[in-house]
There are 2 protein chains.
Amino acid sequence: MKRAKKKAFAEFMSQRGLKSTKQRDIILDSFLSSDRHLSIEELYLKLRSKHPNIGYATVYRTLKLFAEAGIAREMQFGDGQTRYEHVSEGEHHDHLVCTRCGHIEEFENEAIEKLQDEVAETHGFLIERHRLELYGLCATCRK
Amino acid sequence: MKRAKKKAFAEFMSQRGLKSTKQRDIILDSFLSSDRHLSIEELYLKLRSKHPNIGYATVYRTLKLFAEAGIAREMQFGDGQTRYEHVSEGEHHDHLVCTRCGHIEEFENEAIEKLQDEVAETHGFLIERHRLELYGLCATCRK
DNA sequence: GCCATCATGAAAGTGATATCCATTGACATT
DNA sequence: AATGTCAATGGATATCACTTTCATGATGGC
């Protein structure tokens, strides 16, 4: 999985005539071995301890690049920060966001997607993508 | 409906010991007689022509106040601006957002909500609120 | 190794939101 | 109607999370 994404990214880079650099390798490694919903700042801080010479702008640009390469997706959960989540080929999921601890869980539900399609149809609407987020308290924070 | 909201807002204000002012009255009127998904800037510009002496900060603070009073709700549709929509007692709806013209339609679907509750339950999650947005092309833009 | 390009990082720029502060206004009390 | 008190206003400034600039440093095809 990590290997597949590294390969996908390498291909994307060479297709676009972009260069491979130490920083990009480090950021990719760190991103792939992270929690699935990191903000730029979180990833930057995580890297900072081991690689104090990597700048914020590089992390920012590299994450954008991941998104363009299709191995990451930009997401907004309303806390004012853009988060990047891992993308797996053909997979889609929605989110449970804990309003207390910020923990984000994922889920998939075919039945909901089907109902969404029906709603769209009755409005003559053509769905490109959707977002469904349930905000509340996670199992841990309920206690 | 407008009357009910004005009353609700007046009650909220007196409960909190806040004052009624010309500006707040004007902004409330303008908000209530507007499209359902205005940004701060849109409302400010709309007011500007008739009431050039109302400041941006006042519009900003007053909309926040509406949200606290429960007559408006802050929404993000990913265009980088917070929009305020009207809230009706006990009503909830989701959105169809046109990615071409920006048009926003609303819909309600009991069956989807029910499935959401089921998802939450299987995760031990307690839902406070949710957001469901379908992005794509509206009927008009499809042509 | 040379060199045209691309990449980097510190710093400056943006745009939307949030706050500050001197002045004004609302309203309960004389 | 005048006063006192505290909230409200609005212009200006600050903040926050990006986003871009630019001088310097790497990369990789020759």
Side-chain angles (χ1 to χ4, degrees), chain A residues 9-31 37-69 72-84 102, chain B residues 9-31 37-69 72-84 102:
Chain A
F9 185 59
E11 273 168 23
F12 168 82
M13 297 295 274
S14 75
Q15 264 181 14
R16 297 257 293 236
L18 302 175
K19 290 169 183 173
S20 132
T21 67
K22 276 193 219 90
Q23 287 92 332
R24 284 173 177 171
D25 290 348
I26 291 166
I27 294 169
L28 180 55
D29 266 335
S30 189
F31 175 69
H37 303 90
L38 283 177
S39 67
I40 302 171
E41 175 126 33
E42 282 166 356
L43 188 49
Y44 172 65
L45 291 175
K46 184 180 167 187
L47 286 165
R48 212 170 154 54
S49 48
K50 281 208 157 192
H51 307 277
N53 50 328
I54 293 183
Y56 183 95
T58 301
V59 177
Y60 161 78
R61 284 181 293 225
T62 306
L63 283 173
K64 282 264 182 227
L65 217 50
F66 292 170
E68 283 182 61
R73 184 186 295 124
E74 297 185 347
M75 306 243 59
Q76 305 278 157
F77 292 107
D79 64 347
Q81 287 194 222
T82 301
R83 288 172 185 285
Y84 287 82
Chain B
F9 186 58
E11 273 169 22
F12 169 83
M13 296 295 274
S14 76
Q15 263 182 14
R16 298 256 295 236
L18 301 176
K19 290 168 182 170
S20 131
T21 66
K22 274 193 220 93
Q23 287 89 335
R24 283 175 178 169
D25 290 348
I26 291 167
I27 294 170
L28 180 54
D29 265 336
S30 189
F31 175 67
H37 302 91
L38 281 179
S39 66
I40 302 170
E41 175 126 34
E42 282 166 356
L43 188 49
Y44 172 65
L45 291 176
K46 184 180 166 186
L47 286 164
R48 211 168 155 55
S49 47
K50 280 209 158 194
H51 307 278
N53 50 327
I54 293 183
Y56 187 96
T58 300
V59 177
Y60 162 78
R61 284 180 296 224
T62 305
L63 282 173
K64 284 266 182 225
L65 216 51
F66 292 170
E68 282 182 62
R73 185 185 294 125
E74 298 186 346
M75 306 244 59
Q76 305 277 158
F77 293 107
D79 64 348
Q81 286 194 220
T82 300
R83 288 171 184 284
Y84 288 81

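So that the names make sense, note that chain A is the first sequence line, chain B the second, and so on, each numbered from 1.
- Between Y56(B) and Y44(B), the ring planes lie perpendicular to each other; the angle is over 60°, past the 30° to 60° tilted range.
- In terms of heavy atoms, F12(B) sits closest to L65(B) at CE2-O, 4.1 Å.
- Among the nucleotides dA26(D), dA26(C), dG10(D), the one closest to the side chain of K19(B) is dA26(C).
- To the nearest angstrom, C1' of dG11(D) lies 13 Å from CG of N53(B).
- OP1 or OP2 of dT8(C) sits under 4.0 Å from a side-chain N or O of R24(A).
- Looking at every heavy atom in both residues, I27(B) comes nearest to I54(B) through CD1-CG2, 4.2 Å.
- I54(A) has its CD1 atom 15 Å from the C1' atom of dA10(C), to the nearest Å.
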Output one line per pair: protein atom, nucleotide atom from nucleotides 17-21 of chain C, and distance, for all N/O pairs under 3.5 Å.
from    : atom 1 : to     : atom 2 : distance (Å)
dT17(C) : OP1    : T82(B) : N      : 2.8
dT17(C) : OP1    : T82(B) : OG1    : 3.0
dA18(C) : OP2    : Y60(B) : OH     : 2.7
dA18(C) : OP2    : K64(B) : NZ     : 3.1
dA18(C) : O5'    : Y60(B) : OH     : 2.7
dC20(C) : N4     : R61(B) : NH1    : 3.2

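- As a whole-Å value, the separation of D25(A) CG from dG28(D) P is 10 Å.
- Distance CD (Q15(A)) to P (dC6(C)): 16 Å, rounded to an integer number of Å.
- Contact check, T58(B) against dG10(D): a side-chain N or O comes under 4.0 Å of OP1 or OP2.
- When the side-chain nitrogen and oxygen atoms of Q23(A) are compared with OP1 and OP2 of dA26(D), none of them lie within a distance under 4.0 Å.
- Counting only heavy atoms from C-beta outward, the side chains of E41(A) and L45(A) approach each other to under 4.5 Å.
- In this structure, CD of E42(A) is placed 16 Å from P of dC16(D), rounded to the nearest angstrom.
- Among the atoms of the strands shown, none is found under 4.0 Å from any heavy atom of S39(B).
- Between L63(A) and F31(A), the closest heavy-atom pair is CD2-CD1, 4.1 Å.
- With R83(B) as the fixed residue, the side-chain hydrogen bond (donor to acceptor under 3.5 Å, both in side chains) test singles out one of E74(B), E42(B), H37(B): E42(B).
- The listed nucleotides are dA26(C), dG28(D), dC6(C); the one nearest the side chain of S20(A) is dG28(D).
- L45(B) has its CG atom 11 Å from the P atom of dA16(C), to the nearest Å.
- Counting only distance, with no hydrogens or angles, the side chain of S30(A) and the backbone of I26(A) share no donor-acceptor pair below 3.5 Å.
- In this structure, L63(A) atom CG and dT20(D) atom P are separated by 15 Å, rounded to whole Å.
- In this structure, R16(B) atom CZ and dA8(D) atom C1' are separated by 14 Å, rounded to whole Å.
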